2 protein chains.
Amino acid sequence: MTTATTTRRIGVNGVPKAATIADVAARAGVSVPTVSRVLTGAARVSPGKRELVEQAIAELNFRPSAAARLLVSRRPQVVAVIAGDTSRYGYAETIRGVEEAARAEGYTVMITVVESPDEEEIDRAISATLSQPLAGVVVLKFDPAGVAALAHIPRDLPVVALSGIRDASIPQAVLDETRAAEEITEYLLGLGHETVHHVRIPPSRREDGRTTGWRRALRRHGASIPEPSDATWEPKSGQAIGIALAADPTVTAVFCGNDEIAMGVIRGLVDSGKRVPDDVSVVGFDNHPLAELWTPPLTTVEQDFAGMGGRGFRLLLDEIEGTLGRRYSSERPRMIIRSSAGPR
Amino acid sequence: MTTATTTRRIGVNGVPKAATIADVAARAGVSVPTVSRVLTGAARVSPGKRELVEQAIAELNFRPSAAARLLVSRRPQVVAVIAGDTSRYGYAETIRGVEEAARAEGYTVMITVVESPDEEEIDRAISATLSQPLAGVVVLKFDPAGVAALAHIPRDLPVVALSGIRDASIPQAVLDETRAAEEITEYLLGLGHETVHHVRIPPSRREDGRTTGWRRALRRHGASIPEPSDATWEPKSGQAIGIALAADPTVTAVFCGNDEIAMGVIRGLVDSGKRVPDDVSVVGFDNHPLAELWTPPLTTVEQDFAGMGGRGFRLLLDEIEGTLGRRYSSERPRMIIRSSAGPR
DNA sequence: GTGAAAGCGCTAACAA
DNA sequence: TTGTTAGCGCTTTCAC
């Protein structure tokens with residue numbers, strides 16, 4: 001009879017070795033499969049033995065080996081999210097939405113950031129992730145890196161893309177930015193502005209939906225189409241653009257690629273002596289949490305990034321489980337009128 | 001002799017079954033370990049066989065089973081990050097720092113959010129993560145949920161905590177907020193303000209370092225210690241507090257728990273007809289990316305969250321690899337003087 | 001209800 | 001350099 005001490009198994013180099021299911025079985029005086037049964041609840045075990053097993057588990061501080069389980073049951077409960085960034089508002093919220101939906105279904109989320117669309121860089125970043133046991137992958141294709149990453153996912157792994165514009169044939173959750181950009185541009189035109197200038201954020205491909213929608217609205221209304229300015233992701237880059245825009249008297253309305261850039265643009269405009277919206281109207285995109293607190297409060301387009309993340313995960317889950325489901329989910333962002341835009 | 005067609009193995013229910021190392025070996029006409037050798041590069045293989053193996057791998061579209069590898073080589077390359085939130089500035093940046101450092105070392109990051117300090121909630125959130133093969137865990141203990149989560153990590157798993165104040169005996173990377181809060185409060189006092197009011201963000205425990213530092217500075221200077229106001233994480237909650245503060249004529253300087261709250265407070269103050277900094281000085285904490293673009297540009301304390309994340313990961317890596325290293329890393333945030341605070 | 005035996009897909013040890 | 005033999009720690013038949 002073994003004594004009831006909680007001696008740990010000692011590994012080769014003195015490192016305590018984790019208890020295995022066999023140790024538990026031995027201590028409880030039952031067979032290995034019986035321990036497995038109480039662990040998984042797959043089959044019934046008599047109350048007496050169950051009790052013994054549970055006690056042994058507690059005494060040995062036993063935790064089943066995830067790797068062994070995975071090998072035999074082959075149902076990874078992890079999805080990888082591949083993104084070009086994690087901390088910017090849109091990305092962070094999207095990831096939050098994926099994580100929340102995943103957690104609700106018992107899945108865990110793995111994050112991989114691909115910083116550049118460079119092939120080698122992508123390979124390095126992604127291979128570490130793809131060598132994990134994965135149930136599926138969510139790709140945020142808001143930028144070139146994300147788009148490029150998509151091509152590197154093995155075709156036998158369930159995948160879903162999240163973006164602002166529909167394109168490929170893979171399952172996708174989108175936030176229809178094109179329509180929304182069209183709407184807000186038309187709103188500005190309706191206010192009496194002859195045309196609307198545009199400051200774009202780094203596009204994911206040749207042209208983003210935000211820019212396309214803006215262009216489309218101007219064209220439909222027969223307005224002239226000014227050359228867009230290019231901002232980086234840094235809000236500060238908007239400031240320099242605002243200063244430049246202030247020097248151009250034809251600028252009376254500006255549609256910015258996102259709220260943070262709009263804030264920078266307003267700062268630059270105001271620094272140059274312009275009043276917003278009296279002299280120049282400025283609108284943003286995304287409805288950043290600080291948009292309503294800005295001076296003046298920003299007219300913008302609300303984007304439910306977290307919602308898109310959740311829809312994306314659910315699409316992925318359908319693929320993983322082989323459920324017949326929709327392979328596409330789109331939502332139309334809605335305009336929020338505050339006071340950074342006014343009549344000409 | 002087998003034909004060179006790329007027939008897929010068919011599983012029980014018609015689902016294509018992934019190729020195994022044995023399939024590759026058979027197709028290449030070599031033994032299983034030889035395939036393993038070219039896969040891992042652990043031992044030399046003759047160019048001829050290597051070529052055959054590589055060809056077979058390509059033809060079969062073979063990817064090694066992560067689960068099997070994990071089981072036998074027992075070196076998980078994944079660290080879990082447990083956080084109370086993922087999208088707020090400080091959290092998002094910290095996670096970004098962990099991810100970046102991890103990626104550089106070939107590790108992948110898993111995210112788990114614990115929304116409340118409720119025991120059951122934590123258990124559910126965490127157990128999915130802990131049942132994965134993990135090399136270690138990084139806990140962000142910026143809030144009660146994070147603090148509570150720490151208690152649920154098995155003691156045999158390497159852990160590191162990230163926070164704004166030193167406490168426990170586990171390895172920890174911190175941003176010394178107490179000292180920084182003291183410094184910025186003193187700065188305000190030095191400007192001639194009789195005392196400094198304080199708006200705090202939800203604390204991780206009884207009292208945060210930011211509040212402690214503020215209190216300490218006031219005490220040392222013999223200033224009266226006003227009752228702090230409590231904000232939520234929402235910037236907008238600062239607005240209501242700003243309005244309340246505007247009604248109190250003794251308020252001439254306000255130290256806010258973070259920049260987003262400071263922005264809300266300023267908005268509320270301005271809405272109530274106060275000028276910042278002429279009537280009331282307001283300072284924040286964190287140096288949020290929008291702080292310098294705010295009206296007026298915010299005086300604040302720069303916190304290198306990403307840096308802390310990186311330091312934390314490296315501490316964890318030392319534990320994982322059993323390297324003798326420091327178990328504690330602290331950094332002093334530095335004050336950034338802009339124009340939201342001025343003389344009394 | 002329970003145990004014996006088989007096997008998941010890979011790497012590590014050992015011979016040859 | 002290469003193949004044979006053993007496992008890794010679990011779950012899953014299949015008898016009893």
Side-chain angles (χ1 to χ4, degrees), chain A residues 9 11-13 15-54 56-57 60-77 130-134 156, chain B residues 9 11-13 15-54 56-57 60-77 130-134 156:
Chain A
R9 291 171 59 195
V12 271
N13 29 23
V15 180
K17 212 173 158 188
T20 72
I21 198 174
D23 299 328
V24 174
R27 183 170 200 111
V30 302
S31 71
V32 166
T34 294
V35 177
S36 174
R37 282 169 194 128
V38 348
L39 246 29
T40 62
R44 278 215 292 273
V45 172
S46 66
K49 303 219 162 186
R50 146 163 282 120
E51 171 71 18
L52 283 168
V53 169
E54 275 162 354
I57 287 175
L60 292 175
N61 206 285
F62 167 78
R63 284 183 309 131
S65 150
R69 282 196 146 162
L70 233 32
L71 177 57
V72 67
S73 66
R74 57 184 103 241
R75 257 163 218 71
Q77 296 270 85
L130 293 181
S131 72
Q132 301 302 135
L134 254 31
D156 53 349
Chain B
R9 293 171 58 195
V12 272
N13 28 24
V15 180
K17 213 174 158 189
T20 72
I21 198 174
D23 300 327
V24 174
R27 184 171 199 110
V30 301
S31 72
V32 166
T34 295
V35 177
S36 174
R37 283 170 195 127
V38 346
L39 247 29
T40 61
R44 277 215 293 274
V45 172
S46 67
K49 303 222 163 184
R50 148 164 283 122
E51 171 70 18
L52 283 167
V53 169
E54 275 163 354
I57 287 176
L60 293 174
N61 207 285
F62 168 78
R63 284 185 311 130
S65 150
R69 282 194 146 164
L70 233 32
L71 177 58
V72 67
S73 67
R74 58 184 102 241
R75 260 165 218 70
Q77 295 270 83
L130 293 181
S131 72
Q132 302 301 134
L134 253 32
D156 53 349

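Residue numbering restarts at 1 for every chain, and letters A, B, ... go by the order of the sequence lines. Predicted, not measured: the structure shown is a model, and the values here were computed from it.
L71(B) has its CG atom 12 Å from the P atom of dA12(C), to the nearest Å. Atom C1' of nucleotide dG9(D) and atom CG of L70(A) are separated by 12 Å, given to the nearest angstrom. For R75(B) and dA12(C), the CZ to C1' distance is 11 Å, given to the nearest whole Å. Rounded to whole Å, the distance from CG on L52(B) to P on dT2(D) is 10 Å. Spacing between atom CG of L39(B) and atom C1' of dA12(C) amounts to 15 Å, rounded to whole angstrom units. Look at CG on D23(B): it is 11 Å from P on dC8(C), rounded to the nearest Å.
Screening residues 33-42 of chain A for side chain to side chain donor-acceptor pair (under 3.5 Å), with sequence neighbours left out, gives S31(A)-T34(A). Sequence neighbours left out, the pairs with a member in residues 63-72 of chain A that pass salt bridge (charged side-chain N to carboxylate O under 4.0 Å, His left out) are R63(A)-D156(B). Evaluation of the salt bridge (charged side-chain N to carboxylate O under 4.0 Å, His left out) test over residues 41-54 of chain B, restricted to residues two or more places apart or in two chains, returns R50(B)-E54(B).
Bending across the helix from dG1(C)-dC16(D) to dA16(C)-dT1(D), expressed as the angle between its end axes from five pairs apiece, amounts to 30° (10° rounding).
Remark: Q132(B) CD to L70(A) CG distance equals 7.0 Å, nearest 0.5 Å.
Here the closest non-hydrogen pair linking S131(A) and A66(B) is O-CB, 2.9 Å. Contact between F62(A) and T20(A) at its shortest, heavy atoms only, is CE1-C, 3.4 Å.
Nearest nucleotide to the V72(A) side chain, out of dT11(C), dG9(D), dC10(C): dG9(D). Here the side chain of K49(B) is nearest to one of dC8(D), dT1(D), dG3(D), namely dG3(D). Side-chain proximity of T20(B) to dG3(D), dG9(C), dG3(C): nearest is dG9(C).
For A28(B), the side chain to side chain contact (heavy atoms under 4.5 Å, CB included) criterion is met by V30(B), L52(B), V53(B), A56(B), not counting sequence neighbours. Contacts of L71(B) classified as side chain to side chain contact (heavy atoms under 4.5 Å, CB included), with partners at least two apart in sequence or in another chain: S65(A), A67(A), A68(A), L71(A). In terms of the side chain to side chain contact (heavy atoms under 4.5 Å, CB included) criterion, residue partners of V32(B) (sequence neighbours excluded) are, by chain and number, I21(B), A22(B), A25(B).
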Using nucleotides 14-16 of chain C, report all nitrogen or oxygen pairs with the protein that are shorter than 3.5 Å.
none

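OP1 or OP2 of dC10(D) has not a single side-chain nitrogen or oxygen of R69(A) nearer than 4.0 Å. Using a 4.0 Å cut-off, no side-chain N or O of S73(A) falls inside it from OP1 or OP2 of dC8(C). Checking the phosphate oxygens (OP1, OP2) of dT4(D), no side-chain nitrogen or oxygen of S31(B) falls inside 4.0 Å. Phosphate proximity of dT11(C) to S36(B): present, with a side-chain N or O under 4.0 Å from OP1 or OP2. Neither OP1 nor OP2 of dT2(D) sits under 4.0 Å from any side-chain N or O of T34(B).
Contacts of P33(B) with the nucleic acid, taken as non-hydrogen atoms under 4.0 Å apart, include base atoms. V35(B) comes within 4.0 angstrom of nothing in the nucleic acid, heavy atoms only.
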